[in-house]
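Below you'll find the structure, written out as structure tokens, and then a few comments.
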Amino acid sequence: MIRKLKVLQWSSDVSRTILCTNVTLAQSSKCLTTITNHVKQTTPVYIPITSDHLKHQRTYEALVFPNKVSYPDVYSCTKMIQGHVRNNRLNNALKLFDEMPVRDVVTWNSMIKGCFDCGNLELGCKLFEEMPERNVVSWTTMLNGLLLYKRTKAAEKLFLEMPLKDEATWNSMIHGYFINGRVEDAVRLFHEMPNRSIITWTSMISGLDLAGKSDDALLLFNQMMPSGIRPTSFTFSSAITASANAKDFHLGVKIHGQVIKLGYLSDTYITSPLITFYAHCNDTDSSSKVFNENPQTSVVVWTSLLTGYSLNSKHEKALQVFSNMFRSNVLPNQSSFTSALNSCCEMEDSNKGNVINGAAIKLGLESDMFVGNSLIVFYTKHGNIQNGLSVFKQIPKKNIVSWNSMIVGCAQNGYGMWSLILFNQMISKGMLNEADDITFTGLLSACSHSGMLEKGQNIFNYLLKYKFKKVKLEHYACMVDILGRSGRLHEAEELIKNMPMEPNKSIWLSLLSACKMHSNLKMAERVTQAIFNIDQDCSAAYTLLSNLYAFSGRWNDVLRIRELMKSKGVVKEPGHSVA
DNA sequence: CCACACAACC
């Protein structure tokens, strides 16, 4: 497997020699010895870089132009800047940019985009201000930068005021609205814009799907198809993903047929969502058929298959795929680990997860945030708080999911106090603004599992006062649980009655089990009635009420309930837990 | 040189 490097140009600075995708600086410098030996030749040569040099499975080759020590022309320098940017080496790009004897507008545009791509908004803006002349690409690049960094207001202003616009500009703005959650504005612009291309349609389809409006996305796709606009593989990729999310089996299969006809099927960007699509429709046989019919070397496609099995609770098969990856020389990445660990969570045997943890360490992924987060969940679900904590400590860049996983993990294992301590640590790290509904569900369930009434009330009141993201039904459910367990049955009942949303069955059941716990028959009868209004045949409610009657010695009522259950055909669900 | 697509954590 030989893959040519994108651009290679010899210059006096060795670090500039290798500019290609997927190769890091350290890896590049390892290859330099090889390359330097060839420099004396006069014609360009391809130098294979073997897997010794690269951790990746592929072999690369480098095109070297020997005997050129002076600065390359503007075009080549610009290409080299782009190469550096692709490898996330902003400083190298900037150094070259500064040293170049001549720059044109394309060089400036590439450098500005480079700043944005490498995470430096300010510098990109500064260069945009400084540049001597701007073309439409410059303006659009700037627009994209602002949108990428969520400066939607500034982007809108720029969009209105910029002197030059082309089709890409409009497309940028539409896509930018989507990634900033401004769906209505994107749709508005779509209707307002002068010329819609296939890229516009594709942006709309993927954007609507991203916003959770997969049905609308598919509507648009179906609208577009007969209009004569030729879809690209981008379009199909988005449409398949939308079909997967909408679980529109019929349409997905139809698109599958279309991509076969057009010869797109073997494209990674088609195969992968197609596998996911079938998995979402619970047809993993078709997933594996798509996979097997298209010989795969892409880790993404492998991971789609793995995740598909995992989602369908075919955990053995999922782990089989995971180990087959190694055998096929496709090294799993963060996503693969995440899915494999998800499957391990659902399996009794915790050894599998330990093995996967070992593999993660071997691949240097042990401190990766995604892998770490999954490991925390795996260990805490298996009751191993210690390992969970040590993984947690090892993640250098924790996000809110890391904190949530640890808080929830402690809560589930009865270490409620630790959850609260972790929350305090989270605040002191300045992460309070990141707290979301799951954080608070975790904290409240910690209070409920560990019987901390007062702390639970404080957290709940705090949540109500500051309306973090959104107060959800689960929060009320936890609070009802906390109050109920502590015997504050009337407060719990009041809370349910005054909730801003419709109470569901499980929240009433939680109160009912509290009634049983604290032998409040009168309330239990009321609550059961409320449950029957939602679900007439709720066996858990029948059982709880009949247990309570039995406990109070009201055997006639016990018999009455049993008869009622029999006549209604309600079966007692074994092992049903209410909490 | 600017615009659209794949897998992943609570």
Side-chain angles (χ1 to χ4, degrees), chain A residues 75 78-79 81-82 104-114 116 135-145 147 164-176 178 197-207 209-210 231-242 244 264 267-277 279 298-308 310 332-342 345 368-378 380-381 395 398-409 411-412 436-439 441-442:
Chain A
Y75 177 83
T78 305
K79 282 284 172 209
I81 286 177
Q82 290 158 17
D104 65 8
V105 63
V106 180
T107 319
W108 281 91
N109 290 344
S110 305
M111 195 61 246
I112 293 169
K113 182 173 161 46
F116 295 149
N135 61 13
V136 64
V137 178
S138 324
W139 288 97
T140 308
T141 304
M142 188 60 225
L143 183 70
N144 278 318
L147 288 165
L164 301 159
K165 276 193 195 86
D166 66 4
E167 198 191 276
T169 320
W170 285 85
N171 290 333
S172 288
M173 198 62 219
I174 287 187
H175 181 243
F178 276 122
S197 69
I198 184 58
I199 293 183
T200 323
W201 286 90
T202 309
S203 290
M204 288 300 294
I205 292 166
S206 69
D209 180 55
L210 182 78
T232 63
S233 64
F234 280 67
T235 322
F236 285 117
S237 183
S238 306
I240 296 170
T241 303
Y264 288 147
D267 185 337
T268 300
Y269 282 98
I270 297 293
T271 318
S272 184
L274 204 50
I275 290 172
T276 304
F277 158 75
S298 156
V299 62
V300 176
V301 178
W302 279 84
T303 306
S304 304
L305 184 69
L306 163 58
T307 308
S310 184
N333 65 10
Q334 301 93 318
S335 309
S336 334
F337 273 97
T338 298
S339 289
L341 285 165
N342 277 346
C345 283
D368 178 86
M369 187 181 71
F370 273 82
V371 177
N373 294 351
S374 305
L375 279 169
I376 295 172
V377 176
F378 163 74
T380 55
K381 279 207 176 156
I395 307 174
K398 302 175 184 53
N399 70 352
I400 185 61
V401 180
S402 324
W403 288 95
N404 285 352
S405 308
M406 204 62 241
I407 288 173
V408 170
Q412 282 167 347
D436 59 14
D437 49 321
I438 295 163
T439 319
T441 308

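Keep in mind that this is a model prediction, so the values were computed, not measured. Numbered from 1 within each chain, the chains take letters A, B, ... in sequence-line order. Side-chain atoms are counted along with the backbone in the values below, which use heavy atoms only and exclude waters and symmetry mates.
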* **Euclidean distance, A/Ile270 CD1 relative to A/Phe277 CZ, rounded to 0.5 Å** => 13.0 Å
* State the CZ-CD1 distance between A/Phe236 and A/Ile205, to the nearest 0.5 angstrom. => 9.5 Å
* Do A/Asn333 and A/Ser336 meet the criterion of a side-chain donor-acceptor pair at a distance under 3.5 Å? -> yes
Base, sugar-phosphate, or nothing: which does [X] touch, judged by heavy atoms less than 4.0 Å apart?
X        : answer
A/Thr276 : sugar-phosphate
A/Thr140 : base
A/Thr441 : nothing
A/Asn135 : base
A/Ser339 : sugar-phosphate

* Apply side chain to side chain contact (heavy atoms under 4.5 Å, CB included) to A/Glu167 and list each qualifying residue two or more places apart in sequence or on a separate chain. => A/Asn171, A/Ser197
* Side chains of A/Thr276 and A/Thr307 in contact at under 4.5 Å (non-hydrogen atoms) -> no
* Heavy-atom contact window of chain A on DNA chain B, given 5' to 3' at under 4.0 Å -> B/dC1 to B/dC10
* Structure fact -> Which of A/Asn135, A/Thr141, A/Thr140 passes side chain to side chain donor-acceptor pair (under 3.5 Å) with A/Asn109? It is A/Asn135
